[in-house]
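This report refers to the structure that appears directly beneath it.
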Amino acid sequence: MARLLSFRKDTMKAIKAAAVIDLASDEEEARYKPIEWPLMKRLFGLLAPFKWHYVLGIALGMVMTVLEMLGPQFMRWLVDVTTGFAANREFYGAGMRRTAIWFVVSAIVLWGASLGIAITIHRLTIIIMTNAGERVQFTLRRRIFQQLQRMSMSFYDKTKLGRIISRCTSDVNALREVNVWGIDQIAKNSLMIAVSATMLLLTDWRLFLSV
């Protein structure tokens, strides 16, 4: 009889443990979820008040990308002039030598100026995009806090405190990459692909087709 009672107790404990495990597994959320377009629409609604900041930042970022990608073009000019002059040195007089030197110096100065302008524009882009993105982050945190103030006490009884804190901290911080640099990176990478393809096409159409 005692063995039967102990067996029943052990069985009930196992059933309760299994129920707790199933409940915990139900409460756990999927690591990856498909994109929900209504949420994306709400996110774009948060970005809308600062659209001109994003437009200016993206435009400056695209100019910076073009200036940075001019480096191979300057290098090609320098290589063509120096190798052409070295291969036909005996056919060039003193005047042509000074012209070649002036061309090399001018190309280096223009290259340095383009890099300097690109660095300055990059700094302005960081300031503009960070300003707009942090404003969006502040608006999002304020709305979440206001929503939490309107929730009933039963919501806090049923929902784990760790999940609420995670939504207010880590999830909002994850959105920062989208709000600050997401759109800018998409625009600059698309422009980089287009400029690279154009340079390959102008250099040699066979290189363009091989890509």
Side-chain angles (χ1 to χ4, degrees), residues 32-37 39-41 43-134 136 174-211:
Y32 300 103
K33 292 184 178 181
I35 296 177
E36 299 181 6
W37 294 110
L39 292 179
M40 295 297 297
K41 185 177 180 180
L43 178 60
F44 289 141
L46 292 173
L47 302 179
F50 312 101
K51 59 183 178 181
W52 295 115
H53 292 79
Y54 283 102
V55 170
L56 179 59
I58 291 172
L60 291 176
M62 295 176 75
V63 173
M64 180 203 68
T65 302
V66 173
L67 291 176
E68 287 183 344
M69 296 187 70
L70 289 177
Q73 187 67 30
F74 284 110
M75 191 175 297
R76 190 190 74 174
W77 291 341
L78 292 174
V79 171
D80 290 345
V81 171
T82 53
T83 55
F85 183 82
N88 302 284
R89 184 179 301 176
E90 62 275 6
F91 297 102
Y92 290 100
M96 293 297 297
R97 182 179 301 175
R98 286 192 296 268
T99 302
I101 294 174
W102 175 252
F103 182 85
V104 171
V105 173
S106 301
I108 294 174
V109 170
L110 289 176
W111 192 359
S114 64
L115 290 178
I117 295 173
I119 293 173
T120 304
I121 293 177
H122 181 59
R123 179 62 180 173
L124 292 176
T125 303
I126 292 176
I127 294 174
I128 294 172
M129 297 300 292
T130 304
N131 185 18
E134 292 300 333
V136 173
L175 285 175
R176 186 178 183 275
E177 296 298 325
V178 179
N179 298 333
V180 179
W181 299 113
I183 302 175
D184 180 66
Q185 288 296 327
I186 292 174
K188 288 196 294 187
N189 291 338
S190 301
L191 179 63
M192 189 177 299
I193 293 173
V195 172
S196 300
T198 303
M199 286 184 175
L200 285 175
L201 182 61
L202 295 177
T203 302
D204 191 344
W205 61 271
R206 289 170 294 185
L207 291 176
F208 178 79
L209 293 179
S210 64
V211 176

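This is a predicted model, so every value here is computed, not measured.
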Between atom [atom1] of [X] and atom [atom2] of [Y], what is the distance when rounded to the nearest 0.5 Å?
| X | Y | atom1 | atom2 | value |
| --- | --- | --- | --- | --- |
| L70 | E68 | CG | CD | 10.0 Å |
| I121 | S114 | CD1 | OG | 10.5 Å |
| L60 | T120 | CG | OG1 | 11.5 Å |
| L47 | I183 | CG | CD1 | 5.0 Å |
| F103 | I108 | CZ | CD1 | 10.5 Å |
| L56 | K51 | CG | NZ | 14.5 Å |

message: Tell me every residue that passes side-chain contact (heavy atoms from CB on, under 4.5 Å) with M62, counting only those two or more places apart in sequence or in another chain.
response: I58, L191
- line: For I186, the side-chain contact (heavy atoms from CB on, under 4.5 Å) test, sequence neighbours excluded, returns S190
- prompt: For I127, does its backbone N or O pair with a side-chain atom of N131 as donor and acceptor, under 3.5 Å?
  reply: no
Check: Y54 side chain, D184 main-chain N or O, donor-acceptor pair, under 3.5 Å: no
field: side chain to side chain contact (heavy atoms under 4.5 Å, CB included) partner of M64, the single match among M69, H122, R123
entry: H122
- request: Using the side-chain contact (heavy atoms from CB on, under 4.5 Å) rule, take W181 and I126 through it: C-alpha gap first, then chi angles, then the decisive distance, then the call.
  value: CA-CA 9 Å; W181 299 113; I126 292 176; 3.8 Å; yes
query: When you look at M129 and H53, which way does the side-chain contact (heavy atoms from CB on, under 4.5 Å) test go after all the steps?
result: CA-CA 7 Å; M129 297 300 292; H53 292 79; over 6 Å; no
Heavy-atom closest contact ([X] atom, [Y] atom, distance):
| X | Y | answer |
| --- | --- | --- |
| G61 | K188 | O-CD, 3.5 Å |
| F74 | L110 | CE2-CB, 3.7 Å |
| W111 | G71 | NE1-CA, 3.6 Å |

